[in-house]
Amino acid sequence: MSLQDKYYSHPSAIVNSKQIGEGTKIWDFCNILEGAKIGKNCNICHGSFIEGNVTVGNNVTIKNNVSLWDGIMVEDNVFIGPGVSFTNDKFPRSKKHLKEYPKTLIKKGASIGANATILPGIIIGENAMVGAGAVVTKDVPANAIVIGNPAVIKGYTDVEVQKWDTFVKPRNTFSKTKTNVKGVEIYKLPKASDIRGELSFVEYQKELPFLVKRAYMIYNVPGKEVRGEHAHKKLHQFLICIRGSVNVVLDDGKKKIEVTLNAMELGIHISPLTWSVQYKYTEDAILLVFASEKYDPNDYIRDYQDFLRVVKHGK
Ligand code: T46
């Protein structure tokens with residue numbers, strides 16, 4: 001069987017690459033240069049241009065009029081919308097060429113909306129979603145939804161919004177509720193209210209499931225900033241937003257929830273091996289965190305793929 005029998009290319013397409021996977025379709029007026037590596041079952045639509053130092057994984061969709069320049073890597077199951085503009089030179093000048101082009105990486109399952117622009121050297125994380133027309137100037141974390149120019153994080157894909165006030169018990173009593181994310185519980189803390197004001201408290205083995213070796217506070221966070229984006233190997237944490245409001249995304253590798261911490265009497269217990277993101281801080285927000293261990297940079301898992309691997313295989 002010849003190479004051409006394994007994939008389809010429209011008669012008007014120019015295909016000089018010899019590394020095209022089975023079942024791939026290359027439509028009219030595409031141009032695929034020698035050296036480009038294209039996986040199986042891809043769909044490369046009208047007018048797309050792919051340079052030689054480009055790798056495209058399996059099941060990738062590239063809609064009309066997309067150019068993939070040298071240095072771009074696209075992993076499996078990525079969707080690239082029509083007219084998406086990739087770039088590989090931050091300060092282009094006519095007839096001046098870089099010795100080496102920055103590497104742009106679009107990770108597994110990510111989608112890029114129509115006419116978005118991706119600056120050179122950007123990494124777009126697993127399952128991220130780039131909105132139509134966004135201008136992506138910074139790396140996009142796994143599962144993030146970004147929009148605008150410059151693109152900012154507006155949310156996370158596939159999160160179930162956890163409304164805490166729908167299931168907590170009446171005020172002034174303590175309650176603890178499991179969530180759909182393994183190892184994450186939401187606590188409604190007790191509160192003593194009287195004419196002098198209010199007092200909320202947490203006590204080990206009642207409202208606090210671990211002994212505290214460390215506490216820290218996060219505050220003065222500019223509204224568009226996103227913190228966290230990591231998991232811990234051994235650390236238990238308990239989060240209380242003691243002023244303002246912050247959204248917390250929690251992910252056990254299978255399910256994701258988003259909780260808005262906007263009341264003093266609300267706490268979240270986060271067990272080890274939970275991917276956590278904190279964002280949408282209000283200007284006045286103060287996040288108080290109790291931690292079961294002293295600070296240890298080696299306890300962090302910062303790469304989402306590593307996190308999924310550890311959750312699945314234990315290492
Ligand atoms: C988490 C979320 C909720 C220390 O030196 N000691 C500490 O106890 C902590 C927490 C941090 N640091 C240093 C390490 C970094 O140089 O403070 C700097 C900022 O920390 P990081 O970038 O980790 O901040 P966040 O907001 O991304 O994450 C923090 C916690 O580190 C993390 O465990 O779950 O808050």
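Quick caveat, the model's predicted, so the values are computed rather than measured. For ligands, and for the atoms within them, numbers begin at 1 and follow the listed sequence.
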| Candidate pair Tyr187 and Phe238, rule ring-ring contact (aromatic ring centres under 6.0 Å, His included), full reasoning | CA-CA 9 Å; Tyr187 285 66; Phe238 195 88; 5.1 Å; yes
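Ranking protein heavy atoms by distance to atom 14 (C) of ligand 1, first place goes to Tyr295 OH, 3.2 Å. For atom 28 (O) of ligand 1, the nearest protein heavy atom (residue, atom name, distance) is His230 CE1, 3.5 Å. Distance from atom 31 (O) of ligand 1 to its nearest protein heavy atom, with residue and atom name: Tyr300 OH, 2.5 Å. Atom 29 (C) of ligand 1 has as its closest protein heavy atom Tyr216 OH, 3.8 Å.
Counting heavy atoms from C-beta outward, Asn43 and Cys45 have side chains that approach closer than 4.5 Å.
Donor-acceptor pairing under 3.5 Å is lacking for the side chains of Glu51 and Tyr101. With 3.5 Å as the limit, one finds no donor-acceptor pair spanning the side chains of Asp251 and Tyr156. Under the 3.5 Å distance criterion, with hydrogens and angles disregarded, a donor-acceptor pair is assigned to the side chains of Glu160 and Asn180.
For His232, a nitrogen or oxygen atom sits less than 3.5 Å from a nitrogen or oxygen atom of ligand 1, counting backbone and side chain alike. Note: no N/O pair closer than 3.5 Å links Arg302 and ligand 1 by distance alone. Considering backbone and side-chain N/O atoms, Gly228 comes within less than 3.5 Å of an N/O atom of ligand 1.
Of all the heavy atoms of Ile218, the ones lying under 4.0 Å from any atom of ligand 1 belong exclusively to the side chain.
For atom 16 (O) of ligand 1, the nearest protein heavy atom is 4.0 Å or more away. Counting protein heavy atoms under 4.0 angstrom from atom 34 (O) of ligand 1 gives one or more.
Near Arg227, meaning under 4.0 Å from one of its heavy atoms, ligand 1 places the atoms 19 (C), 24 (O), 25 (P), 26 (O), 27 (O). For ligand 1 and Arg214, the ligand atoms under 4.0 Å from any heavy atom of the residue are 7 (C), 8 (O), 9 (C), 10 (C). Atoms of ligand 1 lying under 4.0 Å from at least one heavy atom of Gln278, given by number and element, are 2 (C), 3 (C).
Ring pair Phe210/His269 is tilted by interplanar angle, where 30° to 60° counts as tilted. Between Trp275 and Phe307, the ring planes are tilted. Angles from 30° to 60° get that label.
Looking at Ser200, its side chain does come within 3.5 Å of a backbone N or O of Pro190 through a donor-acceptor pair.
Tyr279 pairs in a side chain to side chain donor-acceptor pair (under 3.5 Å) with only one of the listed residues (Glu258, Glu225, Lys154), which is Glu258.
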